[in-house]
Amino acid sequence: MIDKRNFFYASDLAQLYNISKQTLIFYDKKDLFKPDYVDSNGYRMYSLKQFFILGIILDLKTMGFNLNDIKNFFGAPHP
């Protein structure tokens, strides 16, 4: 069992970055930003490291990078 105190729920993470929870779900479906843990009721949970990674993703989006460019930045393979 994981210690949930060390994770952010999707709604909390979205609120911290002023984005919608649907944005996180979209990034998950695009294999760009997947939660570290999904609990038994389907709640997505993100680590502190992911908090910072999301900040980088959002900064790259602001600079005009598209999702494939960002995937390449993180070394993720294309679908």
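D28 has a carboxylate O that lies under 4.0 Å from a charged side-chain N of R44, or vice versa, which qualifies the two as a salt bridge.
Two residues are said to be in side-chain contact when any heavy atoms from C-beta on lie closer than 4.5 Å; F33 and Q50 meet this criterion.
Under the rule for a side chain to side chain donor-acceptor pair (under 3.5 Å), the partners of D36 that lie at least two apart in sequence or sit in another chain are S47. Qualifying side chain to side chain donor-acceptor pair (under 3.5 Å) partners for K21, counting only residues two or more places apart in sequence or in other chains: none. Residues forming a salt bridge (charged side-chain N to carboxylate O under 4.0 Å, His left out) with D39 (at least two apart in sequence, or on another chain): K4. Judged as a ring-ring contact (aromatic ring centres under 6.0 Å, His included), and not counting sequence neighbours, F7 has no contacts.
Cluster annotation: I25 is not connected to V38 through the hydrophobic network of ILVMFWY side chains, with a link wherever side-chain heavy atoms come within less than 4.5 Å.
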Item to complete: Could you please spell out the steps behind the side chain to side chain contact (heavy atoms under 4.5 Å, CB included) verdict for F51 and Y46?
Response: CA-CA 7 Å; F51 169 82; Y46 300 88; over 6 Å; no
Item to complete: Show your reasoning for whether side chain to side chain contact (heavy atoms under 4.5 Å, CB included) applies to Y27 and L54.
Response: CA-CA 10 Å; Y27 288 168; L54 180 59; 4.2 Å; yes
Below 3.5 Å, can you tabulate the donor-acceptor pairs from side chains in residues 56-67 to any protein atom, sequence neighbours excluded?
unit_1	atom_1	unit_2	atom_2	d
T62	OG1	L58	O	2.9
N66	OD1	N68	N	3.0
N66	OD1	D69	N	2.8

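For residues 9-18, no pair satisfies side-chain hydrogen bond (donor to acceptor under 3.5 Å, both in side chains), with sequence neighbours left out.
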